[in-house]
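Worksheet for the structure shown next.
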Amino acid sequence: MSTVSSSGAYRIAPSLLSADFARLGEEVRAVEAAGVDLIHFDVMDNHYVPNLTVGPLVCEAIRPHVSIPIDVHLMVRPVDRLVGDFAKAGANLITFHPEASDHVDRTLQLIRDHGCKAGLVFNPATPLGWLDYVMPKLDIVLLMSVNPGFGGQKFIASTLGKLAEVRARIDRHVAGGGQPIWLEVDGGVRVDNIAAIARAGADTFVAGSAVFGAPDPDRGYRGVVGRMRDALATVD
Ligand code: DX5
Ligand code: ZN
């Protein structure tokens, strides 16, 4: 159930990176019951980023536990080899970092050919020029508001200006007859900054430690997610 805003729906996507990995099935069921919109699934390879997480087998294992879409964020190099594996494992969205693919246009097409929504991820220092020639092939743009690799980092403030730039590009694209494109933000999103991030133009919010790290003592994940929705409801 998404919160509706003037620009469409706001989506909340808890990152499993901060979940209890010994109880992942229970964790994803609990956040779905708390009313989130997507499960954000961080894939790290100890090569493109200095950390190692989970692969298609774990995606496949959690798939039967939820009905909401699984949003796979690939922090791996090379990218293409894993696209089919994740599609088969039940991924609905697949995003990747353009620096990690030798042929960005081809990788986007490959993701779509597998029936998933496709997106590019921008690190804090990655310029937006990668968007120039691929807008028609994008379903989602993901801006990193921390350097990728770890949960629990602080939101990098310059992401707000970058979000506004991407929002303007997407709005121009849609006004010119282009397909809708979600604008997702990942890293350091919390109850106290989510409204400002939405005002800058984001519509989809990844939150790892803020959701899994600090459940409401009385209402669990539902309490945190509810407070995020309340904050988003203050945005026009
Ligand atoms: C970082 C990951 C994020 C991370 C977010 O590389 O892509 O999804 O888990 O965690 P928080 O919300 O704690 O910053
Ligand atoms: Zn992520």
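Both ligands and their constituent atoms are indexed starting at 1 by order of listing.
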Revision key, fill the gap. Residues passing the side-chain contact (heavy atoms from CB on, under 4.5 Å) test with His65, sequence neighbours excluded, are Val28, Arg29
Practice item. Would you please write out the protein residues whose heavy atoms approach any atom of ligand 1 to under 4.0 angstrom, listed by chain and number? Key: Ser15, Leu17, His40, Asp42, Met44, His73, Met75, Met144, Pro148, Gly149, Phe150, Gly151, Gly152, Asp186, Gly187, Gly188, Val206, Ala207, Gly208, Ser209
Practice item. Before giving the answer on salt bridge (charged side-chain N to carboxylate O under 4.0 Å, His left out), spell out for Asp203 and Arg167 the whole-Å C-alpha distance, their side-chain angles and the decisive distance to 0.1 Å. Key: CA-CA 10 Å; Asp203 54 35; Arg167 169 50 58 206; 3.3 Å; yes
Point to revise | Working for side chain to side chain contact (heavy atoms under 4.5 Å, CB included), residues Tyr10 and Ile194 | key: CA-CA 11 Å; Tyr10 289 130; Ile194 196 168; over 6 Å; no
**Study point:** Note: Asp132-Arg169 ion pair, threshold 4.0 Å (strictly below)
**Key:** yes
Check your understanding: Going by atom types only, do Thr159 and Ser145 share a side-chain donor-acceptor pair under 3.5 Å?
Key -> no
Point to revise | Partner residues of His97 under the ring-ring contact (aromatic ring centres under 6.0 Å, His included) criterion, sequence neighbours left out | key: Tyr48, His73
Check your understanding: If you measure only the distance, is there a donor-acceptor pair under 3.5 Å linking the side chains of Asp42 and His40?
Key -> yes
**Study point:** Atom pair CD (Gln153) and OG (Ser209), whose distance is rounded to the nearest 0.5 Å
**Key:** 9.5 Å
Point to revise | Side-chain ion pair, Arg106 and Asp102, N-O less than 4.0 Å | key: no
Check your understanding: Around the Zn ion (ligand 2), what protein N, O or S atoms are found below 2.8 Å?
Key -> His40 NE2, Asp42 OD1, His73 ND1, Asp186 OD2
